[in-house]
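Along the sequence shown, the residues carry numbers beginning at 1.
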Amino acid sequence: MSDVRMNGLVKTYPNGFQAVKGIDLDIGDKEFMVLVGPSGCGKTTTLRMIAGLEEVTEGDLYIGERRVNDVVPKDRNIAMVFQNYALYPHMTIFDNMAFGLKLRKVPKDQIKKKVTAVAEVLGIDQLLDRKPKELSGGQRQRVALGRAIVREPEVFLMDEPLSNLDAKLRVQMRAELIRLHKEIDSTFIYVTHDQTEAMTMGTRICVMNNGVIQQVGPPKTIYQNPGNVFVAGFIGAPQMNIMGASVTESEGRIFLQVKDDLVELPAATQEILRDKGYVSQKIILGVRPEDTFIGEKGIKVKVEVVELLGSEIYIYYRLDGTQYIARATSENDVTMGDEIFITYDSEKLHLFDAETENRIL
């Protein structure tokens, strides 16, 4: 078994700074878990504690059935792929990939067999005699992955491994990692600040902020049902529009008042807001750009910027000093300076408590 369990995991540095604040997380055997969040959220520190590169201040860390708090990195049977590849410049690609096996005294014929097989899978079998400086960024990253794979670890740890690659190559390598995960059939724990990587790669996502887990779940679930305002604003590209709104009742029906417009809500949503006492209260409204439409009535706004992205456009507008985004097809003849009416898909609104910022529905 190569599951990873964290119970009340804390990391406090000598200066008193607490980078990780008592997280509980179970990562299943053969799962692809992505830790995602902004810089400084504690995701890399968590990964380094799993690797044994950072000491655990409090809590328990298990890999399989073994508590590894005090186990040195080399005895944890994990492999880590770093952002900067960490290849030995004086060694050939073959020797870089074989290095860990040589340290473990694996017979030479087995080393050659394993390295060659993995190099073929990664498409770098023609590069084994070269040095790292002769390779492109994408090729170096494949070598770093290959070095980890040949060791056949219980858990693969990856710290933003694609961040140094150009946009096109990142897309290719994302697909490569998804394929490798299915082929290798091992546990992957992947750290990134890029929510697009998280959404496309992870079987589950763990969203972190300020050393605390905000939400854990499958990408689709987190996208469709963000648990709080932070997750709602962080997951999605472009990000969700977050604004203030008021819950108001008229003639027995409940509406959301957004600026001067009343948005009628589905019957089920009305019932929940009434039962939970939100009538006549202020709440936080979240609406994704793709659920924002240009109509003949609604909220009147002035277009600040229009971005053309082939088949679609992003329309930037401002409400009460805050900029928001609507996504539309490029058939819409909208230009900078136009005044338009904005409406929202009432079935896909995200409502949050104004004080706790937690999801209401």
Side-chain angles (χ1 to χ4, degrees), residues 2 4 27-28 30-39 41 43-44 46-47 50-51 78-87 93 97 118-125 127 132 135-150 153 155-208 215-224 226 231 234-240 288 290 309-312 327:
S2 53
V4 176
I27 301 171
K30 301 175 184 177
E31 186 172 14
F32 197 137
M33 173 66 80
V34 179
L35 308 182
V36 64
S39 296
C41 72
K43 57 188 185 295
T44 294
T46 301
L47 193 78
I50 298 170
I78 53 92
M80 192 158 181
V81 180
F82 295 92
Q83 180 178 351
N84 61 356
Y85 320 134
L87 302 178
I93 300 311
M97 291 178 64
V118 171
E120 287 178 359
V121 170
L122 293 170
I124 54 174
D125 48 312
L127 308 175
L135 273 54
S136 67
Q139 290 170 331
R140 291 181 197 178
Q141 192 56 273
R142 281 184 167 87
V143 174
L145 286 168
R147 182 176 57 190
I149 293 168
V150 296
V155 182
F156 287 89
L157 307 177
M158 302 186 184
D159 186 11
E160 307 216 32
L162 309 185
S163 60
N164 288 336
L165 305 180
D166 62 53
K168 183 178 179 180
L169 196 52
R170 274 204 305 273
V171 173
Q172 293 174 351
M173 287 301 296
R174 284 207 301 262
E176 188 78 10
L177 284 171
I178 294 168
R179 181 183 66 82
L180 279 171
H181 175 250
K182 290 181 179 178
E183 284 191 11
I184 297 169
D185 212 21
S186 186
T187 305
F188 279 33
I189 305 176
Y190 187 103
V191 159
T192 182
H193 66 275
D194 185 336
Q195 56 88 27
T196 301
E197 279 187 12
M199 291 290 294
T200 54
M201 297 173 71
T203 52
R204 282 197 303 156
I205 299 173
C206 172
V207 184
M208 297 184 67
Q215 189 173 0
V216 181
K220 187 176 181 180
T221 299
I222 288 183
Y223 185 81
Q224 294 179 340
V231 175
F234 188 81
I235 297 294
Q239 70 179 29
M240 184 185 290
R288 295 204 180 276
E290 61 266 32
L309 298 171
S311 62
E312 61 186 20
R327 191 167 77 181

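Under 3.5 Å, the side chains of Tyr190 and Glu160 contain no donor-acceptor pair of N or O atoms.
Panel note: side chain Gln172, backbone Leu169; no donor-acceptor pair is recorded below 3.5 Å. Glu197 contributes no side-chain N or O that, together with a main-chain N or O of Asp194, makes up a donor-acceptor pair within less than 3.5 Å. Remark: side-chain polar atoms of His181 are paired, donor with acceptor, to backbone N or O of Lys30 under 3.5 angstrom. Not one N or O on the side chain of Arg204 forms a donor-acceptor pair closer than 3.5 Å with the backbone of Pro218. Remark: the backbone N or O of Thr196 is paired with a side-chain donor or acceptor of Thr200 at under 3.5 angstrom. At distances below 3.5 Å, at least one donor-acceptor pair connects side-chain atoms of Lys43 with backbone N or O atoms of Pro38. The backbone N or O of Arg174 sits nowhere less than 3.5 Å from a side-chain atom of Arg179 that would complete a donor-acceptor pair.
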Quiz prompt | Test side chain to side chain contact (heavy atoms under 4.5 Å, CB included) applied to Leu35 and Thr192, step by step | solution = CA-CA 6 Å; Leu35 308 182; Thr192 182; over 6 Å; no

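With rounding to the nearest 0.5 angstrom, the CZ atom of Arg147 is 5.0 Å from the CG atom of Leu87. With rounding to the nearest 0.5 angstrom, the CD1 atom of Ile222 is 8.0 Å from the SG atom of Cys206. Rounded to the nearest 0.5 angstrom, Leu145 CG and Ile184 CD1 are separated by 8.0 Å.
Taking each heavy atom of Pro226 and Val231 in turn, the nearest pair found is CB-CG1, 3.9 Å. Taking both residues in full, the closest heavy atoms of Ser186 and Pro153 are given as OG-O, 3.6 Å, listed atom of the first, atom of the second, then distance. Taking every heavy atom of both residues into account, Met97 and Ile124 meet most closely at SD-CD1, 3.9 Å.
Applying the side-chain hydrogen bond (donor to acceptor under 3.5 Å, both in side chains) rule to Thr203 yields no partners; only residues at least two apart in sequence or on another chain are considered.
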